[in-house]
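On a predicted model such as this, the values are computed, not experimentally measured, just so you know.
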Amino acid sequence: MIYILTSIIILALILTLIFHSRNTLQNATIPIKKSEIDPLFFDISDIDKMDDGSEFEMYLYRLLLELGYKGVFKTVGSRDFGADLVFIDRSGTRNVIQAKRYSIENPVGISAVQEVYSSMRYYKAKKSIVITSSTFTGSCETLAGVNYVKLLDRKDLIEIIDLFKQGNLENVKNIIESEPRMILDSWSEYTDDDLKIKTDKKAEQMVMSR
């Protein structure tokens, strides 16, 4: 009888240890769910630590919802047609956003503007925005200025985060909805006969020699 009772106790202890070890292992390996990303408790250092761009997209998705915007949705990653997020601003205008979670040393290039601008027709949007945790290259800023694409860089993102955590939602919206920087020169340069434009001399010689 004592032998049976001792065996039962030992078996119970072994099962308890196995169950405890399994739970400990699971709790140690379960990543933070993307649905748990709360903008109220995130700052720029948390964004820098994110594993990939999809987490940054989820952060912005939750932020737009918390700001009370209408028509907010996250696009499907594999076929987003150049936009990661879509929302309707306070004026009733649909916006498309491309999110770029890059390191500080890696500025966002011209392709971001090309992609988000071309996505507007597909999503029937009238405004486009690129938001990054980094900066933008000069050519990216130029193309954005010509095409009226709003650029929000790391400095803007930090300001948005700080204002949101302070509860100043209206100023956050003002930053997001502010007018983009415009560049009006672009192709008008080619109508100026006195202005010398850099051209591909090698290509010109190949064509003219035929």
Would you say that [X] contacts [Y] through its side chain, given a criterion of any heavy-atom pair below 4.5 Å between the two side chains?
X    : Y    : result
F164 : L67  : yes
L163 : I175 : yes
K165 : F41  : no
F136 : L143 : no
F81  : T75  : no
I161 : Y59  : yes

Please give me the minimum heavy-atom distance between [X] and [Y], naming the atom from each residue.
X    : Y    : result
R90  : N174 : NH2-OD1, 2.8 Å
C140 : L151 : O-CD1, 4.2 Å
T93  : K126 : CG2-CB, 3.6 Å
D80  : Y123 : O-OH, 2.6 Å
L157 : S133 : CD2-CA, 3.9 Å
E115 : Q98  : OE1-NE2, 3.1 Å

Are K49 and E55 close enough for a salt bridge, meaning some N to O gap below 4.0 Å? no

Does K74 pair with E57 as a salt bridge, N-O distance under 4.0 Å? yes

So, the side chain of N147 versus the backbone of V149: is there a donor-acceptor pair under 3.5 Å, distance only?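 No, N147 side chain to V149 backbone: no donor-acceptor pair under 3.5 Å.
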
List the steps and the verdict of side-chain contact (heavy atoms from CB on, under 4.5 Å) for K127 and E177. CA-CA 9 Å; K127 292 184 179 180; E177 298 178 29; 5.6 Å; no

Using the six-membered ring of Y69, assess whether NZ or CZ of K173 lies under 6.0 Å from its centre and within 45 degrees of the ring axis.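 The answer is yes, since K173 meets both limits relative to Y69.
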
